[in-house]
Amino acid sequence: MKQMTYAEAIRDGMRVEMHKDPNVYLQGEDVAQFGGCFGVTAGLYDEFGPTRVMNTPISEAVIVGSAVGAALAGLRPIAEIMFVDFMGCCMDELFNQAAKLRYMNGGKCKVPIVVRTPCGAGMGAAAQHSQCVESWFTHIPGVKTVMPSTPADAKGLMIAAIRDDNPVMYIEHKQLLPVPGDVPEGEYVVPLGKADIKRDGSDITIVAWSWMIQKALAAAEELAAKGINVEILDPRTLVPFDKDALLKSVAKTGKLLIVHEEVKTSGFGGEIAALVCEEGFDYLDAPIKRVTAPDTPIPFAPILEGAFIPSAEKIIKAVESMF
Amino acid sequence: MDLKKEQLLDMYKKMVTIRAFESKAVELFAAGQIPGFVHLYLGEEAIATGVCASLETKDYIASTHRGHGHLIAKGGDTKIMMAELFGRATGYCKGKGGSMHIADVNLGILGANGIVGAGMPLATGAAFACKYKKTDAVAVAFFGDGASDRATFHESLNLASTWKLPIVFLCENNGWAISNSQENHQNITDISDRASGYGIPGVSVDGNDVVAVYEAAGAAIDRARKGDGPTLVECKSWRWRGHFEGDPGAYKDPKDQADWLLKDPIPRLEKNLLKLKYATQAELDTIKAAADAEIEAAVKFAQASPQPDPSELLTDVYAD
Ligand SMILES: Cc1ncc(C[n+]2csc(CCOP(=O)(O)OP(=O)(O)O)c2C)c(N)n1
Ligand SMILES: [Mg+2]
């Protein structure tokens, strides 16, 4: 075990695979000497050199599109998109190209790319630099979506994402980048599709991911003092989704609260709720609830942005309303 | 040069106002008084000033993430601007936009955009609307050297040239796209060369010479107004600061930085004004002092302004 931040853990995952597999390379805006807008790729240029760590122009379509082509030609690219908000500039390359080429070609090719990109509010970056939009990606058959919440998960999921033969959206949360934690050394793999219980409990299941795990954990501490014992389930990857782990937890607690930073309408929480209604309805002894961002763009003023982000207080209130 | 005394003095006033606003923003950001991303226009004041001198309120501009200078040059009120930087209810965007989205839509500004290169299609559409409605208004799309690598640049130039729209593509080549120098992100020196691929005129000018900018942009704006179609104008300059406040800009060669600081567009215009005897040094100092005082007042206004009401979170999502 080694103490490192979430950002360092992401980097460590990339390093391990870049040492092991010469076909892995990294490209994106300012990822080389500058180390990326948030410092996640710092040092990789010095370690692997200019043929494997490359700055690109501001050309999102070709950052992702060329990764798809290189993958078809045998490489395993990691493409960084500086903010998940900029995925709008390269959605065709993801959803019509990366996601469909294998299927359209009768399963005769594969597209092993990782698109790394940071998400999330909380830094006053306003409407075009703060979003969580994971359900854009979960809605694309053929793409996997990874959202780590801890440094160890960040590393283990990065290695799994690079090794996966499919296009993977690897979404990092800006607020988590400086968060430290214990991370296993070497080839530590967290398989895609395996949820993790971040807190054991018996009275209610909260399913959350990414930054919202921290909010849920804070809420759970306060709720414990009030005699409510919360279980927190972190799916870690939304596609594939660990249905069994969720159903098992809901069977135990009988209650489900879903927390996400995405806006409510068509957020992934709706999918989870539908799944439990279809396959775990009998376990429920209260209606499922959601705590999410409201259906608005993200405002700049800290006072408004604070009201936008799901908080521990909102989670506590929602949980209490279910008893 | 057919610039009258008042015009040139007005440009001087605009440039020193932008300088004062941006210099204050440096201080305020360092003091933790303005949150979020703040991209400053220091060193590039001559570009927006020289371009907007030929525009009227009815004309459109698309601004960028580095948009304070565009707004001041188009006639923005520095009090309302400062309030926006502070995220106050009295700001141009009611505190919902901040520095990166600062704009006065009533001045014909199509927004300051956080998505690099996103302004060019919008300006192309505004130019189409001007032509469609047969007004004689034009659109100017401001964008950086980095933005000229986006698909939106190429698609916009192609459409606007094919449809002969009244638009000027105004490239602010400040040498950098974050940490990427121009030579690291494109294989050309003059971005205006790209015009030939679309069959339109392309010119490059010294972006630190407000008169040169005025003349080149003015000619392109006239051409657009007359119905002769788009022009690509490249103004070469230098970003004095880091990409945003908080970026020390360690990737810059200190010698390049020092050389460019010597090309400061403001003393250059001062020299010109003094030579033409359009003003005395004392008069110029008075204009500068007035700009500083205006910005001090803007800060006071912003600090005294109320925070947005939390209920504002839910408003303005849809038009009623
Ligand atoms: C589509 C998109 N890609 C990347 C970014 C991140 N970004 C913000 S400003 C910038 C550099 C822009 O360079 P340039 O167009 O030259 O403008 P300058 O900042 O130099 O004024 C980048 C890469 C963004 N905001 N939008
Ligand atoms: Mg630039």
Side-chain angles (χ1 to χ4, degrees), chain A residues 28-39 41-42 45 50 54-65 81-83 85-90 92-93 121-131 174 263 265 293-309, chain B residues 34-38 65 84-89 91 93-102 111 113-118 143-154 177-182 184-187 243-244 247 250-251 306-318:
Chain A
E29 292 158 21
D30 304 277
V31 299
Q33 295 96 324
F34 192 62
C37 190
F38 296 101
T41 60
Y45 177 86
M54 286 157 310
N55 281 341
T56 63
I58 308 175
S59 305
E60 282 74 13
V62 84
I63 294 172
V64 175
I81 295 297
M82 196 181 281
F83 287 73
D85 313 68
F86 311 159
M87 285 301 299
C89 304
C90 50
D92 183 68
E93 286 64 31
M123 57 186 301
Q128 298 173 333
H129 285 71
S130 306
Q131 299 169 86
K174 297 194 278 282
V263 304
T265 300
D295 288 335
T296 73
I298 298 163
F300 164 72
I303 191 170
L304 297 180
E305 188 186 27
F308 175 90
I309 299 166
Chain B
I34 39 184
F37 289 116
V38 179
H65 56 286
E84 189 58 36
L85 261 55
F86 276 76
R88 300 300 164 102
C93 317
K94 298 196 264 177
K96 291 181 178 183
S99 164
M100 207 164 23
H101 305 302
I102 196 163
N113 222 304
I115 303 298
V116 168
F143 62 97
D145 50 299
S148 74
D149 297 336
R150 282 240 22 236
T152 50
F153 166 86
H154 298 278
I178 309 190
S179 72
N180 263 321
S181 62
Q182 192 198 351
N184 272 327
H185 71 74
Q186 50 191 209
N187 194 30
H243 173 65
F244 40 53
D247 164 21
Y251 41 80
Q307 301 277 356
D309 189 274
S311 67
E312 277 291 330
L313 172 62
L314 303 177
T315 64
D316 303 324
V317 181
Y318 293 98

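In what follows, chains carry the letters A, B, and so on, assigned in the order in which the sequence lines appear, proteins first and then strands, with residues in each chain numbered from 1. Quick caveat: nothing in here was measured; it's all calculated off a predicted structure.
- Side-chain atoms of B/D149 and A/S59 form no donor-acceptor pair, as typed in the model, at a separation below 3.5 Å.
- Residues A/Q128 and B/N113 have side chains in contact (heavy-atom distance under 4.5 Å, counting atoms from C-beta outward).
- With chain B as partner, the option from A/V62, A/D85, A/N55 having the largest number of non-hydrogen pairs under 4.5 angstrom is A/N55.
- Counting heavy atoms from C-beta on, the side chains of B/H185 and A/I58 never come closer than 4.5 Å.
- Contact annotation for A/M82: only side-chain heavy atoms (C-beta onward) come within less than 4.5 Å of a heavy atom of chain B.
- Nearest heavy atoms, B/G114 versus A/F86: O-CE2, 4.1 Å.
- Residues A/L304 and B/K96 have side chains in contact (heavy-atom distance under 4.5 Å, counting atoms from C-beta outward).
- At a threshold of 4.5 Å between non-hydrogen side-chain atoms, the residues B/P308 and A/F300 do not count as touching.
- Only the side chain of B/Y251 comes within less than 4.5 Å of a heavy atom of chain A; its backbone N, CA, C and O stay farther away.
- Both the backbone and the side chain of A/A125 come within contact range of chain B, with heavy atoms under 4.5 Å apart.
- The most heavy-atom pairs under 4.5 Å with chain B, out of A/G88, A/C89, A/A127, come from A/C89.
- The two residues A/P299 and B/L313 have their closest heavy-atom pair at CG-CD1, 3.6 Å.
- When all heavy atoms of B/V317 and A/D295 are compared, the closest pair comes out as CG1-O, 3.9 Å.
- Heavy-atom distances place no part of A/S130 under 4.5 Å from chain B, backbone and side chain included.
- When side chains are defined from C-beta on, A/P57 does not count as touching B/N180, because their heavy atoms never get closer than 4.5 Å.
- Heavy atoms of B/A177 lying under 4.5 Å from chain A belong to its backbone as well as its side chain.
- Using a 4.5 Å cut-off between heavy atoms, B/F153 makes no contact with chain A at all.
- Highest contact tally toward chain A, considering only B/M100, B/Q307, B/K94, is held by B/M100 [criterion: heavy-atom pairs under 4.5 Å].
- Closest heavy-atom contact between A/P294 and B/L314: CB-CD2, 3.9 Å.
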